[in-house]
Structures are given as structure tokens and as C-alpha cells.
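Since the structure is predicted, the reported quantities are computational estimates derived from the model, not experimental observations. Atom set for the values below is all heavy atoms of this structure, side chains included, hydrogens, waters and symmetry mates excluded. Chain A is the first sequence line, chain B the second, and so forth, proteins listed ahead of strands; every chain is numbered from 1.
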There are 2 protein chains.
Amino acid sequence: MDQITPTLAVATEPVERRRLPPEERRRQIVEGAVTFFADVGLDGKTRDLAKRLGITQSLLFNYFANKAEIIEAVYAHVYLDRLSEDWPRRLTDRSVPLRERLLTFYSEYSELIFEYEWMRIFMFSGLAGAELNRRYLKHMGTVILLPLLEEIRAEAPQEVSPEMEDIWNLHGGIVYIGIRRHIYQVPTPEDPSRAIERAVDRFLQSFGLV
Amino acid sequence: MDQITPTLAVATEPVERRRLPPEERRRQIVEGAVTFFADVGLDGKTRDLAKRLGITQSLLFNYFANKAEIIEAVYAHVYLDRLSEDWPRRLTDRSVPLRERLLTFYSEYSELIFEYEWMRIFMFSGLAGAELNRRYLKHMGTVILLPLLEEIRAEAPQEVSPEMEDIWNLHGGIVYIGIRRHIYQVPTPEDPSRAIERAVDRFLQSFGLV
DNA sequence: CAATTAATAGATCATCCGATCAATAGGGTT
DNA sequence: AACCCTATTGATCGGATGATCTATTAATTG
């Protein structure tokens with residue numbers, strides 16, 4: 001099996017100082033754990049994580065009761081408060097042209113999903129059957145994509161009526177760029193904004209907009 | 001961690017008969033391994049696999065030198081000879097309308113990628129950094145999507161010129177249905193053909209076709 | 001029906017893993 | 001400089017894991 005071999009002891013900061021303030025040490029562990037588990041998956045071993053952090057394995061359990069708790073902290077650090085509360089409002093702000101709303105949304109949203117850690121941990125937890133992903137996608141559907149559907153329906157001529165699956169299709173086509181880049185690790189455009197813009201324009205055009 | 005708990009000893013066939021012919025036993029192991037590793041990931045334990053197959057763990061190593069060899073057999077069983085050699089030719093057969101070519105291709109191709117085992121093992125191996133996935137996507141790009149790009153360019157009016165990323169976008173939007181269903185395990189249309197048809201039509205329409 | 005052969009099971013090994021705990025030492029305080 | 005608190009360490013435990021080996025048992029052959 002060609003698992004990615006966990007890089008050993010890549011000390012991001014000089015490791016001289018032992019005995020950090022607990023808050024800081026905890027933060028350091030979580031941040032290290034995010035990239036570590038993004039690299040090797042949620043089955044990554046605590047000994048490897050500790051080695052990468054330049055600390056002993058036992059110290060991990062001084063800050064977290066068990067490994068599951070570390071992963072909880074990773075989830076929290078990667079996902080919590082990363083979905084802007086502002087998006088639903090701005091997506092439905094009809095004083096701004098629909099095309100512009102869509103482009104600014106996907107411009108900001110893509111910064112999130114094209115992040116290495118975000119994309120990989122989301123995929124790992126999805127495969128593990130985590131409830132997190134279902135909650136997230138459900139939220140995404142009701143809070144972002146459904147309002148978006150209504151916006152398009154409001155502006156589109158009567159003869160063409162978009163469906164929810166059409167919105168998911170637009171969304172998936174964009175997300176797939178990040179999947180290619182961070183999961184399959186194949187070349188993708190450095191800056192995806194052009195591809196996104198073209199996808200959005202094709203979408204709008206097909207519903208008689210733009 | 002909320003790993004999917006491997007189902008224990010779900011004997012697909014009656015296990016009465018021991019002492020199977022080697023060929024048959026091997027085939028049985030591989031097929032069981034495909035769904036097993038698709039469920040729990042490539043880190044799945046050989047003891048759990050054996051339990052599900054209704055055989056002892058040591059028997060596995062009578063047919064395979066080690067676990068990596070089992071996974072190789074799983075890869076082979078899931079991927080080899082599953083990309084029809086016929087697709088490139090049929091996609092470029094200009095005696096058939098382009099829309100029809102696209103629809104029949106994605107109709108057949110989606111049967112492949114919407115398969116539970118295919119999708120999950122492909123994602124697991126992608127995350128593990130397997131070369132397999134890069135080879136596959138490269139092959140997909142050059143043998144299917146690039147010719148497809150040429151076909152669209154040939155038929156599209158000069159003023160609009162599709163790019164390779166546009167084709168990947170079409171492709172990704174369709175594949176994403178399978179990702180939602182089998183990776184994130186959220187509800188998707190029972191039959192994706194309607195969504196695929198609409199996506200293809202939007203795509204063609206935006207390039208002045210149909 | 002006995003003999004031969006190959007599949008199978010169960011015990012076992014060395015290693016690895018998550019987690020625990022007593023001992024140690026860093027560094028701020030007095 | 002001595003003291004004390006606690007962050008950190010290193011040794012260790014029980015259980016799991018991939019892989020091996022030997023004894024047993026089922027089917028095939030003559």
C-alpha cells in the first residue's frame with residue numbers, strides 16, 4: 001500500500017523551548033494535528049503526530065483525553081465558523097446583479113474549499129461516515145443553494161425553470177477543481193477564478209440570464 | 001472516531017462447502033475484499049475481512065503473500081478493463097449527433113462511477129496518494145475529454161471557444177453526484193440521468209449547440 | 001475403502017498502537 | 001540562589017495487527 005509516509009519531525013518553529021503555556025501548547029498541537037491528519041488521514045498514529053510536533057506522544061494525552069478528542073479539535077478548527085453567516089443575505093441582495101453575487105460568493109467560498117487541509121479532512125471524514133459531512137451539506141443546501149435557486153427562478157424567464165439538481169451541478173463542477181487538486185493531486189489551473197467565472201456564465205446563460 | 005464499523009460475517013453465499021477450488025476461493029476473497037475495503041478503507045484489518053468472508057485470517061495469506069497484494073487485486077478487479085476501449089471512437093463518430101454521443105457516453109460512464117465500490121475505493125486510493133488515480137485522470141483527460149473538446153470546437157461557432165477546463169467542469173459536475181451519494185452519503189436523485197441530460201444540454205447550449 | 005494431497009483452523013510471534021503513570025526538569029517567584 | 005509548581009518525559013501496559021507455522025480435516029484418486 002502506498003500510503004503517504006508521514007513526514008518526520010518537521011519542526012515548524014524552533015523546538016528549543018520546552019514547557020510552553022498550556023494554551024499555546026494546545027493550540028500548537030491542534031494546528032499540527034490539522035495538517036498531519038490532512039496528510040495521512042484520520043487513522044494517523046499519535047506517535048507520528050507527536051514526532052512531527054517535536055514532543056513526546058504521552059504529552060498529547062495531557063491535553064486531550066484520547067485520540068478522538070484530538071480529531072474533534074481538528075474538526076472544530078477546520079470547520080467551525082468558517083461558513084460566513086453573511087452569505088445567505090448577500091446572495092439574495094437583489095440590489096446587486098445576480099451574476100456579481102454568484103461570482104463574489106464563489107470567489108470567497110473557493111478560498112475555503114481549495115484549501116488543502118479543508119478539502120482533505122472533509123473527504124477523510126466523509127469516507128469515515130462522519131455525521132459532520134451530512135450536516136454540512138444539508139446546511140449548504142438549505143442556506144446557500146436553495147436561496148440561490150429562488151434567486152435564479154425569480155429572474156429567469158418562465159419557460160425555463162431551474163431545479164435543485166441544476167444548482168448542485170453548478171456547485172459540484174466548481175468543487176471538483178479542488179478535488180482534482182488536493183485529493184487526486186493532478187495539475188489544475190493555478191487560479192481557478194477563470195474556470196469558475198466561465199462555469200457561472202454558462203449556467204446563467206442557459207437559464208436566459210446574462 | 002466514527003469509523004464505519006465493519007459488518008461482521010455477512011456471508012454473501014452459503015458457506016457450507018469448505019475446500020473450494022483455489023480459483024474460486026481466490027475470486028471469492030477478492031470480491032469480498034472489494035466491498036470490505038470500499039466500506040472501511042484501505043486500512044481495514046485482515047481479521048475483519050476474514051470474518052466477513054467466513055474464513056480464518058491465516059487463509060488469506062495462503063492466497064496472497066501480504067495485505068498489499070490483496071489490495072493490488074482489489075485495484076485490478078475494480079479498475080482494469082473497466083474503461084471501454086470503444087468510447088474514444090464513439091465519442092468522435094460524427095455520423096451521430098454530438099448531443100447523443102455525449103448522452104450515451106455519460107449514461108454508460110455514470111454506471112461505472114456511481115457504483116459504490118468504484119467511487120469509494122477510488123477516493124480512498126486517491127487520498128492515500130496512489131499513482132493509480134493520477135494515471136487514471138490523465139488517461140481520462142487525453143483519451144476522453146480532449147477528443148471531446150475537439151468535437152465541440154469543430155461544431156461550435158467561431159466566436160465561442162471551449163477550453164479544457166470547461167470540459168472538466170462538465171465532467172466534475174456529473175461525477176459530483178456520485179461523490180455526494182457514496183462519499184458524503186447524502187440523498188441524491190435515484191436516477192441521475194435527468195440531471196446529467198440537463199447538464200449536458202446546458203453545456204452544449206452555452207457553446208451555441210443544440 | 002484406504003491413501004494421498006491440499007485446504008483450513010488455531011495457536012503463536014514480533015511489532016505497533018492508544019493510553020497510563022511515576023519521575024524529571026523548566027522557569028517563574030520569592 | 002533556593003524553592004515550588006507543573007509541563008514534559010520515558011518507561012510501560014494491554015490489546016490489536018500482519019504474518020508464520022503446525023496439526024487437522026475434507027475431498028480426490030486408485
Hits for side chain to side chain donor-acceptor pair (under 3.5 Å) against A:Arg135, two or more places apart or cross-chain, chain-then-number order -> none
Next on the checklist: Centre-to-centre under 6.0 Å for A:His171 and A:Tyr109, is that the case here?
Outcome noted: yes
The side chain to side chain donor-acceptor pair (under 3.5 Å) partners of B:Thr104 (sequence neighbours excluded) come to none
Sequence neighbours excluded, the answer for salt bridge (charged side-chain N to carboxylate O under 4.0 Å, His left out) partners of A:Asp201 is A:Arg99
Rounded to whole Å, CD1 of A:Ile55 lies from C1' of C:dA25 at a distance of 17 Å
Taken to the nearest whole Å, CZ/B:Phe64 to P/D:dT20 is 15 Å
Residues pairing under salt bridge (Lys or Arg N to Asp or Glu O under 4.0 Å) where one sits in residues 161-179 of chain A, two or more places apart or in two chains, turn out to be A:Glu163-B:Arg194, A:Glu163-B:Arg198, A:Glu165-B:Arg180, A:Asp166-B:Arg198, A:Asp166-B:Arg202
Hey, what are the protein-to-nucleotides 4-6 of chain D N/O distances that come in under 3.5 Å?
| residue | atom | partner | partner atom | Å |
| --- | --- | --- | --- | --- |
| D:dC5 | O2 | A:Arg19 | NH2 | 3.2 |
| D:dT6 | O4' | A:Arg19 | NH2 | 3.4 |
| D:dT6 | O2 | A:Arg19 | NH1 | 2.7 |
| D:dT6 | O2 | A:Arg19 | NH2 | 3.1 |

Rounded to whole Å, the CG-P distance (B:Asp43 to C:dG18) equals 11 Å
For B:Glu108, the salt bridge (charged side-chain N to carboxylate O under 4.0 Å, His left out) test, sequence neighbours excluded, returns B:Arg90
Legend entry - Contact under 4.0 Å: A:Tyr63 side-chain N or O vs D:dA7 OP1/OP2: no
Applied to residues 141-154 of chain B, the side chain to side chain donor-acceptor pair (under 3.5 Å) test, sequence neighbours excluded, yields B:Arg94-B:Glu151, B:Arg101-B:Glu151
Quick note, ring-ring contact (aromatic ring centres under 6.0 Å, His included) partners involving residues 121-143 of chain A, not counting sequence neighbours, are A:Tyr79-A:Phe122, A:Trp118-A:Phe122, A:Trp118-A:Tyr136, A:Phe122-A:Tyr136, A:Phe122-B:Tyr184
Using a cut-off of under 3.5 Å, enumerate the N/O to N/O pairs linking the protein to nucleotides 19-21 of chain C.
| residue | atom | partner | partner atom | Å |
| --- | --- | --- | --- | --- |
| C:dA19 | OP2 | A:Lys67 | N | 2.7 |
| C:dA19 | N7 | A:Gln57 | NE2 | 3.2 |
| C:dA19 | N6 | A:Gln57 | OE1 | 3.0 |

Separation of D:dG10 atom P from A:Lys51 atom NZ, nearest Å, is 13 Å
Checklist entry - So, A:Asp191 and A:Ser193: side-chain donor and acceptor under 3.5 Å apart, yes or no? => result yes
When rounded to whole Å, the CG to C1' distance for the pair B:Leu59 and C:dT8 reads 6 Å
B:Leu49 CG to D:dA16 P, in whole Å, measures 18 Å
Atom CG of B:Leu53 and atom C1' of C:dA9 are separated, to the nearest Å, by 15 Å
When rounded to whole Å, the CZ to C1' distance for the pair B:Arg25 and D:dA27 reads 14 Å
